[in-house]
Every structure is written in C-alpha cells, then in structure tokens.
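Scroll down for the structure; my scribbles are underneath it.
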Amino acid sequence: MVSVRLPDGKTLEVAAGTSVAELLPRVHSRVARDALAARINGRVVDLATRLNDPQVELEALMPSEAGALEVLRHSAAHVMAEAICALWPQTRLVYGPPVENGFYYDIDLDHSLTPDDFARIEAKMAEIVAADRPFTRYEMPRSAAMEKLRREGNIYKIDNAERAEGDTLSFYVTGAADSGCWEDLCRGPHVPSTGRIGAIKVMQVAGAYWHGDASKQMLQRVYGTAFATKKELAVYLAQVEEARKRDHRKIGPELGLFATDPMVGTGLILWKPRGAVLRLTLEAFIREELLRRGYQPVFTPHIGKLDLYRTSGHFPYYKDSQYPPLYESDRARLLNALWELARTGGAAGATPAEVELFAQIARQHPDLQAAGYPADLPVEERLRRIRQWLAAEDGYLLRPMNCPHHIRIYGSEARSYRDLPVRLAEFGTVYRFEQSGEVGGLTRVRGMTQDDAHIFCTADQLADELAGCVDMAKHVLDVMGLTQYRVRASLRDEGDKYVGSTENWQKAEAAILDVCRNSGMEWFIGRGEAAFYGPKIDFLVKDCIGREWQLGTVQCDYNLPERFELRYIGADNREHRPVMVHRAPLGSIERFCGILIEHFAGAFPLWLAPVQACVCTVSEKSADYARQVFRLCQQANLRVELDDSGERIGSKIRTATLLKTPYVLVIGEQEAAEGRVNVRTRDGRQLGSCGIAEFLAGCAAQIATRSLELPGA
RNA sequence: GCCACCGUAGCUCAAUUGGCAGAGCAGCGGUUUUGUAAACCGCAGGUUGCGGGUUCGAGUCCCGCCGGUGGCUCCA
C-alpha cells in the first residue's frame, strides 16, 4: 500500500502501482477532470506516473498554477515540433523547453520559416490538439536508446541524450504506445493529452546558435506561447499589445524627447529640448544626493591616451567593442600593432612575425633601427620598450569608461588616510562600439553618459562605502517608483577576461556578498557577470517587452588601484593601497531614461515632466491675461508653455494632453475677470477654478516632494 | 558579428495578377474668436531607404548595400 499525503493534510491509502490519474477522482472530481500534472515529493510528474513509494506527498497541478503552465507549454512545444515535422519532414529537432511567457523549439531546417508559415503550422497544431492524443511516456535502457537514436541519425538528439543523466532515457509519443505516432526524446513531464492545450500561438522565429556558441552553426528558434484557455491567451496578447504602446522608441520621439539619425550614427542619441530637460532634471536630483552623501564633483575629457588604457587594462582586452584608436602618426599605429603582437606572442622571446614587423617599422625610422628590437628579452621587457617608443606620440582612445581619468585625479596629489574616502563624481560620457545587432533605442547605445563616481577608501571603510552606494541605488529607484527590480551579485567565473590576483578577487567578492547579505534585500548570484577588474552588485529592471537591463551598479575593485599603483599615507606613516568602488545609481542615463519613459508611459510625474503646464487661451480676448499667467508661472520656476494660437480650446487641450503635459491651464474671459486659472489634468480631470498663487504653491509642493501622483480634485 | 523580418510624405496607412504614387493627421496660407481630447476652405509636401538588374513598363520581381525590428552571441 501507498500512503498519499495531500496538501490539505488528508491522507489516502492506495494500492502500490496506482497511477496519479487513477487516484485523483478520490481527491475531488474537478481536480480529476482538470489537473494537468502532479507534484510528488516536490517533483513535477505526469499524471500517468504510478505510485510505489510507501509514503508520498502529492499535489495536483491545476491549469491556473505556474508549474502546470510550464508543463503545458512544454507539451505545446512538442505539438509545434510535430506540426513542423509534418510540414517539413526533413526537419531535425534540437531542443524545445518552456520559457517565461511561452516556449520555443530549436530546429535545423533548410527552409527558412517566415511569419507566413505560422498559419500553416498553427493549423497543423490545431489538428493535433483536436485529435486529443495522449502523451505516452516510455523508457529504454541508455544503451538501447542510444542505439535507437544513432539509427535515427539526428546528431542533436544524440547530443542531448549524451548530456542527459541516468541509466534510462525517456521518450514521449504523441499518441498511444506503439501507435507509430510522432515521438521525441524527452525528460517530460507532459499534460495527459494534446487536447488539454487550450490555446497555442506561434509567435516568432529567430536565429540561435547551437549550444549558444557563436562558433557553432545557427539554428532556427521558433517561439510560441500556450495557455489552458483561449481567453487567457487573448488576455496575454492584449497585455503584450498594451505594453508595446509604451515602447520608448515609439513614444520618446513622439514626445519630442530624443531622435536618432543614420547620418549621425547608430546608437548615438540626439537629445531634443524636452529630453534634455528630463535629463537635466534627473541629473539635478542626483547632484543633490551626491552633495548630501559627501561626493566631490570633477570634470574630465572624453578621450585619453592609449597608454592610459593599456595600464588600466581596458585596451586591448575590449578592443572589439571600442571605437578604433585615433593615431597621431603611422609610426604610432604600427608600434601599437607591434605591442599587440608582442602581448599575444611568445613569453620568453619574440615571434618571427614580431621581429618582421619591427624590421618593417625600423626601415622607416632610423632611431628604431639604431635601438634594435630586444627580441630575446621576456615579453614584459619588450612591451615596456615599445611603450617607451610610443610615449612621445601615442594614439588616443575615445573612452569606454571613466575610471582611468578619475584614478589619475586621485593620483594627482599625495593622499593621507585622513582624506579618505575620496569620492569623485562626474556625469561622464563614454563610448563603446557595441555590436551592430545589439544597438537599439536608448537601452543599448554607443555613446552614453553615466552618473559615475569612484570612491577611494581604506579596506576598513570598504563595507560602509559599498553599503552607502547600494543605499543610494535603491533610493533613486524608490523615488522613481521603480519597485520591480532584481539585484544580482555579479561574480567572476572560470573565464580568462579578468585581471588581478586570486587573493584580490576573493577579498572583493567577499565584500560584495557581505553587503548583499547585510542589505536586507533579495538578491541572486550571477557567475561570470563581474567586470574585468572586480565583482559588482547590479540592479536589473525589465523593459516593456520583458527584456531585463542593468541600471544601477556598485562595483568593488582591488585591481585598478594596483595597476595604477595608487597609494595613501596611513596613520603608521607608511604607504598603503586604497580600494576602489565604482558606482552608478542610474547606470547609463540613456538607458535609465528609456526605462523611465516606459515606466511612466511618457506621463512623467510633475517634477520630471519636461513641460509641467500649458497655458491655453479660449479666445484672443483672454490672450493678454494668459500671457500674464504664463509669465507668473515662469517666474515661479514652473516649466510652462503658452498656446495662444487660433485653434479652439478642445484642440489645444488635445495637443497638450497627447504630449502628456501634467496640467492645462484653461484661460477664458471668466478666468481673466476673476484673476484665476482653470486647471485640467492630463488624465482628463477638471480641477476647476483656482487662484494662481494657490496653483503654483500646489505645484511647488509636489515638485519638492517629488510626488509621483498628480493631486486629485 | 550571426539568422530572420520590415522600409511608400514629418506621423498613421492605401495603391488589383508588374500598368498614371494616393488619403487622413501634422505643416503652411486664409476664414472663424471659439469654454475642457480634433472648426472650415485652400496650398504645398515623394528619385517609394540607397545602388544595380530583369521587363515595353518595377512601390510591386531579383542581387548588393544602408537603416529599423525580433532573437542568438556579446555587454568593461
């Protein structure tokens, strides 16, 4: 006998070998009818699973539960794969898991699927669903299963099977066992039958590398979504549609915030007056915080010598994603090429290619000819020598980060432990030559401004400084009402992109994890997400189509102070190495604005709105008074516009409302006579007649508190 | 960078199997003096992203490029 414990605490006794499906009618008739899968001792399984252990905890998964939806979508992926195979028999299936909001199936198919094919695929899927065929699981010993897969010859499935754990491999037939119906190597679990998938839709097709490896061939990834009912699908599609309407790439230009221009360049943002006001307002908010938190402002240029970035490590580790260096001379360009060759060449002695390149350069330059190439010396010495030759005429790099400049400010004077922490802040503009396929909107750009700062402190001060930075990052998100974010502790992985000693990394990662633990916030670990110089804490926020972006960041760095040989004099009168914190609460201002536009759907709170009020005349008769109101608003530092055009008042209100202007001040003869204003909000509320001073005071109060709401009537 | 889709006036969209590039809004000029989301009349606006090709004829078909979009890879 098997003792089955249900979520409500009740216990049922059933014969060993009873399936979950057979047992469910004893739980509840509706559960028996609707359950899609079950959770046994925490593991999600098919309803056909037979119970054998003497004691089990059992929970039926109903269609409304997230766990069930995942199973249903996995089953939907099978149905889609079967449909595609039916239409294109040469299809080779790769991998088809459920994902957030749906599922996908990677396939290898010579025919490129297009949206035109979706209707055919969906029609075929509808047939399979209508047939209501059972999902039947069967298992084979690993060796027999491998033999079967090799016979079938799908290299991808063989690969999947080789990666799968366990002595047996499982297959799912979309039909009765031995029915000859379509089947797939699959761990499961699945819903009982295809008919249980109430609604499926093929969403899109995209390329995806096999194993996510860019050196492997590209497969086609067909995305779909599925729900238990057509109504739920319709609701989801409507939500997607609604979310798309807030896309900053659409409403940003519509609201006159920014433009992009192929003539200027991909990923280079032109901030128009309204967008510039938004930015400046955000920056003013940040500046206020910086002042309160003991930061000191600095200004530094947008470019620097290549050698600065050789020292920091930015160049050439990130060569591919930097704008190409600017060279003063051909000689510098060639010497830099030599430097790169030497860097990646032989550690002990120069490679022939290296020697040949030097000879080529030296032919044009007698001084180098005379100096000769130290081909037999170790790589460090060769590199040092090349940098010496370059010193007089090195190239310049458009800066990819601000830290090297700030580091040189720290290094520009002797520092005492009494000065620490030194917190240097700048809205620093950086340039990164992002891959063309990545650039888009405001969220991934090639020129951006960070609300950057670098803190130089002692090891003892580090924990407090990191905590202070996390606090500020949380605070700015809080002020914006951005509550839906995830926090990631970004640590290093086994990759080779990192600089510095293991000891430095261990100290830095310990510091980052300590701050996370002590912060009281929820967080997760992201291996391989660290910066090349240190681990970080990243604040991630989703955009309107569900993509997650890093906004704020707090980074701990023992390595750059070492590379730049930074120091301070301690209380012991000896030299010590400071620790650095890199931090940007907004991250990139471009990206932050993109997210902010979508967060507010363009309807910014009063304190952020590029134009806070529009004074609209009813007719020319009230124009003089309207101009007076306009001027009073201006003098009260309200960002205000005047519409005294010949349009009708309805049209003016419509125009201002479409621009999401928080307040329209309707000015007619009545208002002029009374010396008042008539206030209407962008959400269509008529707040009625109001004294000018009263209106301005109300606005001032909202702005001062950075209120997220426009006040009610 | 890779795979795919898209590109007609500032915006939203039309244009039969390849057969004269059009409308609304925005803009400009008039008329109207207006009361809470679109007054009326008129005018102008285009090398159909760019460049080649096929064809008697290309917005439409083919090739290349540019730009945008969705993914993948990358993201200091």
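Atom set for the values below is all heavy atoms of this structure, side chains included, hydrogens, waters and symmetry mates excluded. Sequence lines set the chain letters: A, B, ... in the order given, protein chains first and strands last, and positions in each chain run from 1.
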Is the centre of the A:Y410 ring less than 6.0 Å from the centre of the A:F564 ring? no
The side chain of A:Q435 is closest to which nucleotide in this list: B:C74, B:G71, B:U34? B:C74
Within the modelled atom types, does a donor on one side and an acceptor on the other bring the side chain of A:R444 and the base of B:C74 under 3.5 Å apart? yes
Are A:Y318 and the base of B:A76 stacked, counting only ring centres nearer than 5.5 Å and planes tilted under 30°? yes
Closest to the 5' end of RNA chain B, once A:E669 and A:E529 are matched to their nearest nucleotides, is A:E669
Roughly how many Å is it from CD in A:E647 to C1' in B:G29, rounded to a whole number? 14 Å
Write down the distance separating the P atoms in B:C41 and B:U32, rounded off to the nearest Å. 15 Å
Within the structure shown, what part of the strands sits under 4.0 Å from A:S651 by heavy-atom distance: base, sugar-phosphate, or nothing? sugar-phosphate
Quick one: does NZ or CZ of A:R446 land under 6.0 Å from the six-membered ring centre of A:F433, within 45 degrees of the ring axis? yes
Minimum-distance nucleotide to A:T114 side chain [options: B:A4, B:G35, B:U33]: B:A4
Would you indicate which nucleotide in B:G70, B:A76, B:U34 comes nearest to any side-chain atom of A:R648? B:U34
Whole-Å gap separating P (B:U34) and CG (A:D644): 16 Å
Indicate yes or no: does A:E242 engage A:K245 in a salt bridge with an N to O separation below 4.0 Å. yes
Could you check which of B:G70, B:A37, B:G35 has an atom nearest any side-chain atom of A:I653? B:A37
Calculate the interatomic distance between A:D493 atom CG and B:C75 atom C1'; express it in whole Å. 14 Å
Verify side chain to side chain contact (heavy atoms under 4.5 Å, CB included) between A:W271 and A:T449, making sure each step is shown before the conclusion. CA-CA 12 Å; A:W271 288 92; A:T449 302; over 6 Å; no
Name the closest nucleotide to the A:R680 side chain, picking from B:A76, B:U36, B:C72. B:U36
